[in-house]
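Presented below is the structure to which this report refers.
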Amino acid sequence: MEEFEYEINSSEEIDEETLFIVTQTFKALGDPTRVRILHLLFKKECSVNEIAETLDIRQSTVSHQLRFLKNLRLVKYRRAGTTLYYSHDDEHVMLILKQMINHACHS
């Protein structure tokens, strides 16, 4: 079994900022559209149009979800001309997502 870097100390409370970030991250992973987007971005960098076409989702929906994910620093982008290319930005969260997908596939 893999050893965790962070050890939970039962006598310490979680500060409000950390609590907010943790709950928002789980909220992000609780939405099917955002999970689909993150799964795609785990595999490759994509523009909004590529994400919309690949996942058959409206471009406005993709943009809205990417904004949510970007605010949580789960995705990042780079600009090439007028096009923004998105990729995942947090290996820890991507590992959690990968583990959850593996867990669901082996149930």
Side-chain angles (χ1 to χ4, degrees):
M1 174 158 259
E2 192 174 315
E3 189 174 320
F4 291 101
E5 291 178 23
Y6 176 74
E7 190 172 314
I8 296 176
N9 185 338
S10 60
S11 65
E12 290 182 21
E13 282 292 318
I14 300 172
D15 66 80
E16 290 298 317
E17 182 180 354
T18 301
L19 185 61
F20 179 77
I21 292 168
V22 169
T23 57
Q24 289 299 107
T25 302
F26 277 114
K27 179 180 176 182
L29 295 176
D31 180 88
T33 300
R34 289 190 285 259
V35 169
R36 292 177 69 210
I37 291 170
L38 285 170
H39 184 255
L40 177 61
L41 294 179
F42 185 69
K43 293 189 258 182
K44 65 178 187 167
E45 179 183 70
C46 295
S47 69
V48 174
N49 288 338
E50 288 175 296
I51 295 168
E53 289 174 15
T54 302
L55 300 179
D56 194 28
I57 303 171
R58 290 188 337 220
Q59 185 176 349
S60 61
T61 301
V62 171
S63 294
H64 174 76
Q65 299 299 347
L66 286 170
R67 193 172 318 113
F68 184 89
L69 295 168
K70 188 171 133 332
N71 288 339
L72 288 171
R73 296 186 321 243
L74 300 180
V75 299
K76 61 185 175 184
Y77 68 89
R78 70 172 178 86
R79 183 180 300 274
T82 59
T83 304
L84 299 178
Y85 290 93
Y86 286 86
S87 58
H88 68 87
D89 193 27
D90 191 317
E91 292 293 329
H92 299 103
V93 172
M94 297 312 294
L95 177 60
I96 292 167
L97 179 59
K98 181 180 175 188
Q99 288 174 336
M100 290 307 300
I101 291 169
N102 288 340
H103 171 73
C105 290
H106 291 99
S107 295

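- Linking ILVMFWY side-chain heavy atoms closer than 4.5 Å, directly or via other members, places Tyr86 and Phe42 in a single hydrophobic cluster.
- Tyr77 and Ile37 fall within a single hydrophobic cluster, where Ile, Leu, Val, Met, Phe, Trp and Tyr side chains are chained together by heavy-atom contacts under 4.5 Å.
- Among residues at least two apart or in separate chains, salt bridge (Lys or Arg N to Asp or Glu O under 4.0 Å) pairs with a member in residues 45-56 are Glu45-Arg78.
- Within the 4.5 Å cutoff, the side chain of Gln59 has heavy atoms near those of the Asn49 side chain.
- In this structure the side chain of Lys70 never reaches within 4.5 angstrom of the side chain of Arg67, judged on heavy atoms.
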Would you sort out whether Leu97 and His88 count as a side-chain contact (heavy atoms from CB on, under 4.5 Å), showing the intermediate values? CA-CA 12 Å; Leu97 179 59; His88 68 87; over 6 Å; no

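- In the hydrophobic cluster analysis, where Ile, Leu, Val, Met, Phe, Trp and Tyr join through side-chain heavy atoms closer than 4.5 angstrom, Leu95 is grouped apart from Val35.
- With respect to Ile14, the side chain to side chain contact (heavy atoms under 4.5 Å, CB included) criterion is satisfied by exactly one of Val22, Leu19, Ile21: Leu19.
- Using a 4.5 Å cut-off between side-chain heavy atoms of Ile, Leu, Val, Met, Phe, Trp and Tyr, with links allowed through other members, Leu69 and Phe20 fall into different hydrophobic clusters.
- Distance CZ/Arg34 to CG/Leu41: 13.5 Å, rounded to 0.5 Å.
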Test side-chain contact (heavy atoms from CB on, under 4.5 Å) applied to Lys44 and Leu40, step by step: CA-CA 6 Å; Lys44 65 178 187 167; Leu40 177 61; 4.1 Å; yes

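- Under the 4.5 Å side-chain criterion, counting only non-hydrogen atoms from C-beta, Leu38 is in contact with Leu29.
- With values rounded to the nearest 0.5 angstrom, Leu84 atom CG is found 14.5 Å from Lys76 atom NZ.
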Ile51 and Leu66: side-chain contact (heavy atoms from CB on, under 4.5 Å), yes or no, with the steps? CA-CA 10 Å; Ile51 295 168; Leu66 286 170; 4.0 Å; yes

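- With values rounded to the nearest 0.5 angstrom, Asp89 atom CG is found 10.5 Å from Met94 atom CE.
- Atom CD of residue Gln24 and atom CG of residue Leu72 lie 6.0 Å apart, to the nearest 0.5 angstrom.
- Expressed to the nearest 0.5 Å, how far CG of Asp31 lies from CZ of Phe68 amounts to 8.0 Å.
- Put simply, Ile57 and Tyr85 are part of two different groups of oily side chains (I, L, V, M, F, W, Y) that touch within less than 4.5 Å, one to the next.
- His39 contributes atom NE2, which lies 13.5 Å from atom CE of Met100 (distance to the nearest 0.5 angstrom).
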